[in-house]
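Read through the structure below, which is laid out as structure tokens, and then see the notes.
Computed from a predicted structure; not experimentally measured. Numbers for residues simply follow the sequence, beginning at 1. Every heavy atom of this structure was used, including side-chain atoms; hydrogens, water molecules and symmetry mates were not.
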Amino acid sequence: MTDESEKASMPSISPLTSSVQEKKRKSVFKKKKRKRSKADIQDDEEEERLTAMLFGPGDVVAQKRQVGHGDDFSLDVGINEEKSKPLFELDRDGGGSGDDVGHDRDGPGQDELGDHHEDGIDQPFNMERSHKAAAWVDEDDEGVTVNVMETKQLRKLRHHRTEDVSDMKGTELHQRLRKRFETTTMTLARTDWASLESNSRHKEEEEEEVSSATPLLAARKDRLPPQILQVVRCPDANLKDPNDAVVRAVHFHPGSDPDKPLLLTAGMDRTLRFFHVSEEESEKVHGIHFPKLPIYTASFLGESGQVAVSGRRRFFYIYDAIAGKLEFVPKIMGRGERSLERFAASPDGRTIAFVGNDGYIILVDVKSRQWIADLKMSGSVRAVTFTPDSEQVLSSGSDGDVYRWDLRTHRCVERFANEDGTITSTLSASRKHVAVGAESGVVNLYPDTKSEEDRVPLKSIMHLQTSADNTCFNHDGQILALSTQRERHGLKLLHVPSATIFSNWPTSKTPLNYVWSMDFSPSSRFLAIGNDKGKCLLYKLPHYH
């Protein structure tokens, strides 16, 4: 009785009531599901917007949703489309609206999407490699598959969130990684140097800078190899009219034809001769005799065609080889030197620096033939030379110090002690180096820098047994010739970049005899050597041909 009474007291639930409650539960579930979907969509939109801002540029997110008024939008349609269509698309053109790109949703395949992406990325950057075949292709990439979804960093390579990239081929992965780099890093880092066009332009600019600034940094094909130097002997330059005494001076005209340069020879026979030099046969142009002047020094004055000639006299001559006019300069006004046997001419041909008495260097203007200024050293002057830019003079002598003079202010701007310590006998300068030869036979090679630090020689050449009387750089500064007048076959050639002596030439059988003078042609195609026999030996350097 008790159980029946309890059942009778419990309220009965009708089928209508239960169905209403079930509908309420479903409605609540749908609302919660709707809220979650809207939240997910908003999160995805925010994430894609930030991605477009960071990894643009120009990537515009075109979102396409079917949205009604208020909150009563078609949830079923939105959910169904989420399964089969992307929530957004990347408008690669940068200006398309959602309707303009809507046709790409209507079932594009993987290849079609890939082509659209490639066109959108490569065109703005004008990459030449898109039209050229790769230099090397790995065939194994075709058989490799990669699950991009397993790596978080690789998920960014998807074109859209619903793309199936579980088995992407290696070649496709390579292309997407490259395009990803172009749209991110390339926009920030300057990588235009890697393109073929810019690379060729960069090489041209580099060659221009090299040719105008420093010959030692010339193109790789022009760099002289060390150790072995190719040398070919040619008929003597003065074979048709050899000197009757020691050849004290040889000098090439700096502006003459490199294939057939103009060479002068002069010496104690008091005759100045001109030759057109050739590897087959040299031709004599003409000669001029100075009855009262045994010639010690003769040099072209730049490219003007004028030649300065001096000896152990207080006068000197300037000969115009073009006009055939000889001018006699009786003395330097204001100076009492009785001998002007040694001088150096500036490369531009405007100034002559004579070695004077008591440590004086006498500067003479070529145009007016008048004295300009005196430069005073502490010791006696033994050697003087100009820098290649004609703006400075280097001098040295009995005190062993090297002086650098500024021709604009006529002041000493640098002074350093030669490491050898003995009397300096010769000086030479190139664009990058200075060679200082001493009576001990040591030739020190210094870098030609303007720093005020202590000078330390790059190399001390000790291959001469007696005094170093002559040093000479070739046109690009890669060869330094050094010789002595007191030793037979006393000539050595130094490879300046490596600071090593060429081992194959000259040999003991090279007919040099006693070398008194030497010079390189303007392009270093020839080397002329004057000796005590009155001969001007001529050698061709094939490297510069």
Side-chain angles (χ1 to χ4, degrees), residues 243-254 262-274 286-377 380-386 390 393-395 397 405 407 410 426-427 469-470 516-517 519 530:
N243 291 47
D244 296 330
V246 176
V247 181
R248 295 294 303 257
V250 295
H251 190 212
F252 284 95
H253 189 282
L262 181 64
L263 173 71
L264 68 80
T265 64
M268 302 300 292
D269 61 352
R270 309 181 184 192
T271 303
L272 176 67
R273 299 173 176 87
F274 298 90
H286 69 281
I288 180 171
H289 185 67
F290 298 86
K292 299 181 180 180
L293 182 65
I295 301 175
Y296 276 69
T297 308
S299 175
F300 284 106
L301 300 177
E303 300 182 5
S304 62
Q306 296 181 342
V307 180
V309 182
S310 70
R312 285 190 173 178
R313 303 289 188 272
R314 60 172 40 185
F315 58 85
F316 65 95
Y317 291 91
I318 292 182
Y319 175 66
D320 191 340
I322 298 176
K325 179 182 178 182
L326 180 64
E327 183 175 353
F328 173 74
V329 182
K331 62 179 297 186
I332 300 176
M333 299 300 294
R335 298 298 307 178
E337 278 76 13
R338 303 183 63 181
S339 174
L340 301 174
E341 60 186 270
R342 287 178 294 175
F343 70 83
S346 62
D348 60 8
R350 297 180 179 180
T351 310
I352 301 176
F354 286 96
V355 174
N357 298 333
D358 303 325
Y360 280 97
I361 302 169
I362 309 167
L363 301 181
V364 175
D365 180 65
V366 172
K367 186 175 182 180
S368 64
R369 279 54 162 168
Q370 297 297 320
W371 169 89
I372 299 176
D374 291 334
L375 309 177
K376 180 65 171 68
M377 290 174 38
S380 61
V381 185
R382 299 295 180 89
V384 61
T385 188
F386 284 83
S390 302
V393 172
L394 298 175
S395 64
W405 307 88
L407 290 181
H410 302 147
T426 179
L427 280 173
D469 298 308
N470 293 291
W516 281 78
S517 57
D519 191 30

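- With hydrogens and angles ignored, the 3.5 Å screen pairs a side-chain donor or acceptor of Glu337 with a backbone N or O of Asn357.
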For Val364 and Val329, what are the C-alpha separation, side-chain angles and deciding distance, and is it a side chain to side chain contact (heavy atoms under 4.5 Å, CB included)?
CA-CA 11 Å; Val364 175; Val329 182; over 6 Å; no

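- Rounding to the nearest 0.5 angstrom, the gap separating the CD atom in Gln306 from the NZ atom in Lys367 is 11.0 Å.
- Contact detail for Ala298 and His251: the closest heavy-atom pair is O-CB, 4.3 Å.
- Summarising the geometry of Trp516 relative to Val247, their closest heavy-atom pair is CB-O, 3.5 Å, with the distance given to 0.1 Å.
- Residues Pro330 and Arg314 form no side-chain contact, since every pair of their non-hydrogen atoms from C-beta on lies 4.5 Å or further apart.
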Check the pair Asp519 / Leu263 against side chain to side chain contact (heavy atoms under 4.5 Å, CB included), numbers first and verdict last.
CA-CA 9 Å; Asp519 191 30; Leu263 173 71; 5.5 Å; no

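- Between Phe300 and His253, the ring planes lie perpendicular to each other; the angle is over 60°, past the 30° to 60° tilted range.
- In this structure, the separation between NZ on Lys376 and CD1 on Ile361 is 10.0 Å, given to the nearest 0.5 Å.
- When every heavy atom of Ser310 is checked against every heavy atom of Leu340, the shortest pair comes out as OG-O, 2.8 Å.
- Here the side chains of Leu326 and Phe328 are not in contact, with every heavy-atom distance at 4.5 Å or above.
- Note that CD1 of Ile332 and CD of Gln370 are 10.0 Å apart. Values are rounded to the nearest 0.5 Å.
- Counting only distance, with no hydrogens or angles, the side chain of Arg270 and the backbone of Pro291 share a donor-acceptor pair below 3.5 Å.
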Evaluate the criterion ring-ring contact (aromatic ring centres under 6.0 Å, His included) for residue pair Phe316 and Phe354; output intermediate values, then yes/no.
CA-CA 11 Å; Phe316 65 95; Phe354 286 96; 5.0 Å; yes

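- A donor-acceptor contact shorter than 3.5 Å links the side chain of Ser346 to the backbone of Thr351.
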Could you walk me through whether Thr265 and Arg273 satisfy the side chain to side chain contact (heavy atoms under 4.5 Å, CB included) test, starting with their C-alpha distance in whole Å, then the side-chain angles of each, then the deciding distance to 0.1 Å, before giving a yes or no?
CA-CA 5 Å; Thr265 64; Arg273 299 173 176 87; 3.6 Å; yes

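- Considering all non-hydrogen atoms of both residues, Leu272 and Ala266 come closest at CD1-CB, 3.9 Å.
- Side-chain N or O atoms of Arg342 include none that pairs as donor or acceptor with a backbone N or O of Thr297 at under 3.5 Å.
- No more than 12 heavy atoms of other residues, nucleotides or ligands lie within 6.0 Å of OH in Tyr360, so this atom counts as exposed by the packing criterion.
- Between the side chain of His410 and the backbone N or O of Asp374 there is no donor-acceptor pair closer than 3.5 Å.
- Of all heavy-atom pairs between Ala308 and Ile352, the closest is CB-CD1, 4.0 Å.
- Closest approach of Tyr319 and His286 over heavy atoms only: OH-NE2, 2.9 Å.
- Looking at Arg369, its side chain never comes within 3.5 Å of a backbone N or O of Ile318 through a donor-acceptor pair.
- Atoms CD1 and CH2, on Ile362 and Trp371 in that order, are 10.0 Å from each other to the nearest 0.5 Å.
- Listed for the Asp269 side chain is no donor-acceptor partner under 3.5 Å among the backbone atoms of Asn243.
- The backbone N or O of His289 lies less than 3.5 Å from no partner atom in the side chain of Thr271, so there is not a single donor-acceptor pair.
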Verify side chain to side chain contact (heavy atoms under 4.5 Å, CB included) between Met377 and Ser395, making sure each step is shown before the conclusion.
CA-CA 8 Å; Met377 290 174 38; Ser395 64; 3.2 Å; yes

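- In this structure, Ser299 contributes its side chain and Ala345 its backbone to no donor-acceptor pair below 3.5 Å.
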